[in-house]
Amino acid sequence: QVQLVESGGGLVQPGGSLRLSCVASGFIFSSYAMSWYRQAPGKERELVGRITSGGGGFIINSADSVKGRFTISRDNAKNTVYLQGSKLKPEDTAVYFCCARRDWGPGCDYWGQGTQVTVSS
């Protein structure tokens with residue numbers, strides 16, 4: 001059974017940072033590209049970042065809402081992908097999802113259930 005379980009969400013003060021984790025099971029993690037998406041209330045889901053199966057390359061959404069403040073990494077020995085964010089703003093408030101895709105590209109084969117991040121004072 002495939003599972004992607006996100007953790008690390010919660011309340012963050014503006015200007016603060018976060019580190020989200022996503023632990024995978026039920027598939028060969030090291031063979032899948034992993035992505036983080038987020039969805040704010042009333043908005044479409046948007047890509048935050050994607051990392052190759054081996055972890056040697058990644059992209060971060062170049063939109064002004066994301067670029068320069070988030071990084072993605074993975075530890076294949078732990079079946080875990082991470083998202084780190086800094087200088088968080090209230091507009092970063094969203095549900096953050098991790099997902100897995102067998103090849104490099106948009107969309108996902110498997111999705112996690114998401115973790116809520118709220119940026120507020």
Side-chain angles (χ1 to χ4, degrees):
Q1 180 182 359
V2 171
Q3 282 195 308
L4 294 171
V5 180
E6 302 96 335
S7 63
L11 180 64
V12 182
Q13 292 210 336
S17 60
L18 63 77
R19 189 190 195 212
L20 305 180
S21 301
C22 171
V23 179
S25 61
F27 63 100
I28 303 174
F29 180 75
S30 59
S31 295
Y32 282 70
M34 297 297 296
S35 300
W36 284 95
Y37 284 79
R38 69 183 185 182
Q39 188 165 21
K43 295 189 177 181
E44 292 187 354
R45 191 172 295 188
E46 70 171 346
L47 175 71
V48 181
R50 180 176 299 124
I51 189 166
T52 58
S53 58
F58 66 90
I59 59 169
I60 300 294
N61 191 334
S62 61
D64 289 341
S65 59
V66 175
K67 70 178 180 181
R69 299 187 297 116
F70 289 87
T71 61
I72 185 171
S73 61
R74 67 190 294 162
D75 184 340
N76 284 350
K78 296 182 178 179
N79 282 9
T80 302
V81 60
Y82 304 97
L83 180 70
Q84 290 189 280
S86 62
K87 301 178 183 177
L88 295 179
K89 308 172 184 179
E91 47 264 46
D92 293 315
T93 295
V95 179
Y96 286 71
F97 301 87
C98 72
C99 76
R101 182 183 167 104
R102 184 63 180 85
D103 54 7
W104 183 262
C108 300
D109 299 323
Y110 309 123
W111 287 91
Q113 292 190 326
T115 185
Q116 175 71 47
V117 173
T118 301
V119 183
S120 175
S121 56

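Predicted model, so just to flag it, every value in this text is computed and none were measured.
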Let me have the donor-acceptor pairs involving side chains of residues 99-107, under 3.5 Å, with sequence neighbours excluded, atom names and distances please.
residue, atom, partner, partner atom, Å
Arg101, NE, Asp103, O, 3.4
Arg101, NE, Asp103, OD1, 2.5
Arg101, NH1, Pro106, O, 2.4
Arg101, NH2, Asp103, OD1, 3.2
Arg102, NH1, Ser31, O, 2.9

Can you tell me how far the OG1 atom of Thr52 sits from the CE atom of Met34, to the nearest 0.5 Å?
-> 12.0 Å

Any residue meeting salt bridge (Lys or Arg N to Asp or Glu O under 4.0 Å) with Lys67, in chain and number order, not counting sequence neighbours | Asp64

Verify, without hydrogens or angle tests, whether Glu6 (side chain) and Leu20 (backbone) share a donor-acceptor contact under 3.5 angstrom.
-> no

Output a table of donor-acceptor pairs, distance under 3.5 Å, between side-chain atoms of residues 114-121 and any protein atom two or more places apart or on a different chain; print 'none' if there are none.
residue, atom, partner, partner atom, Å
Thr115, OG1, Gly9, N, 3.3
Gln116, NE2, Ala94, O, 3.4
Gln116, NE2, Thr118, OG1, 3.4

Going from OG on Ser86 to CG on Leu18, what distance comes out if it is rounded to the nearest 0.5 angstrom?
-> 8.5 Å

Just list the side-chain donor-acceptor pairs under 3.5 Å for residues 75-83, sequence neighbours left out, or say none.
residue, atom, partner, partner atom, Å
Asp75, OD1, Ala77, N, 3.0
Asp75, OD1, Lys78, N, 3.4
Asn76, OD1, Arg74, NE, 2.7
Asn76, OD1, Arg74, NH2, 3.3
Asn76, ND2, Ser53, O, 3.0
Asn79, ND2, Ala24, O, 3.4
Thr80, OG1, Lys78, O, 2.7

Give a yes or no on this: more than 12 heavy atoms of other residues, nucleotides or ligands lie within 6.0 Å of atom CD1 of Ile28.
-> no

Separation between CD1 (Ile60) and CG (Leu47), nearest 0.5 Å, reads 8.0 Å

What pairs of residues pass the disulfide (SG to SG under 2.5 Å) test when at least one of them lies in residues 35-69, not counting sequence neighbours?
-> none

Disulfide (SG to SG under 2.5 Å) contacts touching residues 35-74 (sequence neighbours left out) = none

Ring pair (Phe, Tyr, Trp, His ring centres under 6.0 Å) pairs touching residues 37-72, sequence neighbours excluded, are Tyr37-Trp111

Separation between OH of Tyr96 and SG of Cys22, rounded to the nearest 0.5 Å | 15.0 Å

CZ/Phe97 to CD/Gln113 distance, rounded to the nearest 0.5 angstrom?
-> 9.5 Å

Heavy-atom closest pair, residues Lys87 and Arg69 | O-NH1, 3.2 Å

Using the side chain to side chain donor-acceptor pair (under 3.5 Å) rule, collect all pairs that involve residues 7-22, keeping only residues at least two apart or in two chains.
-> none

Applying ring pair (Phe, Tyr, Trp, His ring centres under 6.0 Å) to Tyr32 and not counting sequence neighbours gives Phe27, Tyr110

Arg38: what forms a salt bridge (Lys or Arg N to Asp or Glu O under 4.0 Å) with it, not counting sequence neighbours?
-> Glu46, Asp92

Hydrophobic cluster membership, Val66 vs Val12, 4.5 Å side-chain cutoff = yes

